[in-house]
*Asks:* 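One structure follows; several queries about it will come next.
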Amino acid sequence: MNRDQILKEMGLGPIWKLRQPPKKKRGAAPAAESAVPVDPRTAAIAAMGWDELKQAVAGCTACELCQTRKQAVLGVGDVEADWLFVGEGPGAEEDERGEPFVGQAGKLLDAMLAAIDLRRGNKVYIANAVKCRPPNNRTPEPAETAACWPFLARQIELIRPKLIVTLGKPAAQTLLQQEVTISRARGVVHDFAGFPLIVTYHPAYLLRNLPDKAKAWEDLCFMRKTMAGLR
Ligand code: URA
Ligand code: SF4
């Protein structure tokens, strides 16, 4: 499958094609992209503001994860953030409290942010690939990340961050739409629909694999350098 086919399979194509419609004069015929069919749910989510998005996620039943969650976790932070960090999905504490990265992995994420002078909520937004906790913290299934994707897509579109950082494999794969190994995908700036994107390890992985913390530190320096070059 080529990239367009993969995007189509995942139901991802149309939103991003619509994002930058070709410049046209007022009153000109609608762009060809408007003719691409988008399913009604995706189209509705793509038009939501923050309040609607929060409500829609709270009541969402689009995948099986809704059956075991206590609450959906949309995300937290500055809606005008320069930095968007995307994790995998809520764990037990996040499911309990309704905020991403508040458990052990969250403590490490906060430390990683502090290392490059960032703070949760200050020019930083934190979200997850899936908004509901996978039972026993298992990895979300591709069907679940696909079902949840329109919410993350809308968050990206509303925030329009300068840089997206994915934490761990599921988030990287959701955004890059390909099989990814972190060791190979880190250290370069990827492109997601015009947004620069950097891949790094998930903090929960780093807690179990201390040697890779040095690489995560390199990644943090790389992110800071990349952001500096974007200003
Ligand atoms: N791990 C994640 O990927 N996200 C969270 O919100 C918490 C732990
Ligand atoms: Fe809906 Fe996403 Fe929760 Fe699935 S994980 S029920 S798609 S909000």
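Just follow the structure's listing: the first ligand is 1, and inside any ligand the first atom is 1. Everything quoted here is computed from the prediction, not taken from an experiment.
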*Asks:* Check this for me, if you would: do Arg160 and Glu157 make a salt bridge, where the nitrogen-to-carboxylate-oxygen distance has to be below 4.0 angstrom?
*Replies:*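 Between Glu157 and Arg160 there is a salt bridge, with a charged N closer than 4.0 Å to a carboxylate O.
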*Asks:* Would you please determine whether His202 falls within less than 4.0 Å of ligand 1 on a heavy-atom basis?
*Replies:*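 Yes; His202 lies near enough to ligand 1 that a heavy-atom distance drops under 4.0 Å.
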*Asks:* Do any protein N, O or S atoms sit under 2.8 Å from atom 3 (Fe) of ligand 2, and which ones are they?
*Replies:*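 Near atom 3 (Fe) of ligand 2, the protein supplies Cys132 SG.
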*Asks:* Closest non-hydrogen protein atom to atom 4 (N) of ligand 1, residue and atom name please, with distance?
*Replies:*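 Minimum-distance protein heavy atom for atom 4 (N) of ligand 1 reads Asn128 OD1, 2.8 Å.
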*Asks:* Short list, please: which atoms of ligand 1 are under 4.0 Å from a heavy atom of Glu88?
*Replies:*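 Selected atoms, number and element: 2 (C), 3 (O).
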*Asks:* Is the closest N or O pair between Phe101 and ligand 1 shorter than 3.5 Å?
*Replies:*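 Phe101 vs ligand 1: N/O contact under 3.5 Å present.
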*Asks:* Can you name the nearest heavy-atom pair linking Leu158 to Met48, along with the distance?
*Replies:*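 Closest heavy-atom pair between Leu158 and Met48: CD1-O, 3.8 Å.
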*Asks:* Give the atom numbers and elements of ligand 1 that come within less than 4.0 Å of a heavy atom of Pro100.
*Replies:*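 The atoms of ligand 1 under 4.0 Å from a heavy atom of Pro100 are 6 (O).
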*Asks:* Nearest protein heavy-atom contact for atom 2 (C) of ligand 1: which residue, which atom, what distance?
*Replies:*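 Looking at atom 2 (C) of ligand 1, the protein heavy atom closest to it is Gly89 O, 3.1 Å.
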*Asks:* Nearest heavy-atom pair of Val165 and Met223: which atoms, and what distance?
*Replies:*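 Scanning both residues completely, I find the closest heavy atoms to be CG1-CE, 3.6 Å.
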*Asks:* Do you know which two heavy atoms are closest between Gln173 and Val180, and how far apart they sit?
*Replies:*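 Gln173 and Val180 have their closest heavy atoms at OE1-N, 3.0 Å.
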*Asks:* Under 4.0 Å from a heavy atom of Gly87: give me the atoms of ligand 1 that qualify, with their elements.
*Replies:*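 Answer, ordered by atom number: 3 (O).
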*Asks:* Which bit of Glu94 gets closer than 4.0 Å to ligand 1, counting heavy atoms only: side chain, backbone, both or neither?
*Replies:*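 Just the side chain.
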*Asks:* Is Pro90 close to ligand 1, meaning an N/O of one under 3.5 Å from an N/O of the other?
*Replies:*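 Looking only at distances, the answer is no, because the N/O contact criterion of under 3.5 Å is not met.
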*Asks:* Are side-chain heavy atoms of Leu197 and Leu176 found at a separation under 4.5 Å?
*Replies:*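 Yes, close enough: below the 4.5 Å cut-off.
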*Asks:* Considering all heavy atoms of both residues, which atom of Thr42 and which atom of Pro150 are nearest to each other, and what is their separation?
*Replies:*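 Nearest pair, atom of Thr42 first, then Pro150: OG1-CG, 4.0 Å.
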*Asks:* May I ask you to say whether Glu93 pairs ionically with Lys107, meaning some side-chain N is under 4.0 Å from a carboxylate O?
*Replies:*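 No salt bridge links Glu93 with Lys107.
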*Asks:* Check Ala115 against Arg224 and note the closest heavy-atom contact, atom names and distance.
*Replies:*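 Residues Ala115 and Arg224, closest heavy atoms: O-NH1, 4.0 Å.
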*Asks:* Salt-bridged, Glu52 to Arg154, with N to O below 4.0 Å?
*Replies:*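 No, Glu52 and Arg154 are not salt-bridged.
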*Asks:* What is the minimum heavy-atom distance between Cys60 and Arg41, and which atoms define it?
*Replies:*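 Reported closest heavy-atom pair: SG-NH2, 4.0 Å.
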